[in-house]
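Computed from a predicted model, the values in this text were never measured in an experiment.
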Amino acid sequence: MAYSDTINDKLATLERRSKKVEAQRREAEQSLSACQDIRSHLKQQRQEFEDRQDQRRAALYRLREDAPQCRGAELFLDMMTNQIQGSPYINVADNYDETLRHIDGQVEEQELQIKDCRRQMNDIEEDKTYYKKKLKRAEEEERQMARKQQRLKTQREGER
């Protein structure tokens, strides 16, 4: 096997590796896009939830001011205030926050993977450039060697 064939094999291996890394990068970009879409949708839902909570708080505040001094009405308003501002609200808000943190972590992970794939692609391209130069030199050396062998063969035939 000629030295140039060995280099060609290395170039083919690099090309296969390049395609694999490129596929990983595309997959990571698709995943990143999906995560960003989910994050955007979730933030919008969170804002809508907060807006509705603000409306409920304002309505309860108005009711509290307009309500007669009735113990039943006060208990109802206290219970509703607890629902809007207490544990159920905190649980929902915490769930939104935790989900957003998880999605942000996924976004960061995908961004890092994309950067890593790009770095790998740059490394592969540098290696391919190196081996292409090496291949050019090897092919030139092989051509020179073939010409030299041809001259020697011609000389031997001429001596006979």
Would you find a donor on one side and an acceptor on the other, under 3.5 Å apart, between the side chain of [X] and the backbone of [Y]?
| X | Y | answer |
| --- | --- | --- |
| D116 | L112 | no |
| S33 | E29 | no |
| T154 | Q150 | yes |

Are [X] and [Y] close enough for a salt bridge, meaning some N to O gap below 4.0 Å?
| X | Y | answer |
| --- | --- | --- |
| K10 | D127 | no |
| R137 | E141 | no |
| E22 | K19 | no |
| D104 | R101 | no |
| D123 | R119 | yes |
| E140 | R147 | yes |
| R46 | E50 | yes |

Just wondering, do [Y] and [X] contact through their side chains at under 4.5 Å, heavy atoms?
| X | Y | result |
| --- | --- | --- |
| E126 | T129 | no |
| Q24 | V21 | yes |
| E15 | K128 | yes |
| D51 | Q47 | yes |

**Q.** Other cluster members, F49 - Ile/Leu/Val/Met/Phe/Trp/Tyr, side-chain contacts below 4.5 Å
**A.**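 Answer for F49: L32, I38, L42, Y89, I90, V92, Y96, L100, I103, V107, I114.
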Q) Which atoms form the tightest heavy-atom contact between L135 and I7, and what is the distance? A)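 Answer, listing the atom of L135 first, then I7: CB-CG2, 3.6 Å.
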Q. What's the shortest heavy-atom distance between S18 and M121, and which atoms?
A.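 The answer is OG-CE, 3.1 Å.
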Hey, is [atom1] on [X] packed in by over 12 heavy atoms from elsewhere, all under 6.0 Å?
| X | atom1 | result |
| --- | --- | --- |
| Q45 | CD | yes |
| E108 | CD | no |
| M79 | CE | yes |

Hey, could you give me the [atom1]/[atom2] distance between [X] and [Y], rounded to the nearest 0.5 Å?
| X | Y | atom1 | atom2 | answer |
| --- | --- | --- | --- | --- |
| S31 | E27 | OG | CD | 7.5 Å |
| R151 | Q149 | CZ | CD | 10.5 Å |
| Q120 | K20 | CD | NZ | 9.0 Å |
| C35 | Q30 | SG | CD | 12.0 Å |
| L11 | S4 | CG | OG | 10.5 Å |

Q: List the steps, then state whether side-chain contact (heavy atoms from CB on, under 4.5 Å) holds for K134 with Y3.
A: CA-CA 10 Å; K134 203 171 183 176; Y3 185 58; 2.8 Å; yes
Q) Could you go step by step and tell me if R143 and K148 meet the side-chain contact (heavy atoms from CB on, under 4.5 Å) rule? A) CA-CA 8 Å; R143 279 193 295 275; K148 192 175 187 180; over 6 Å; no
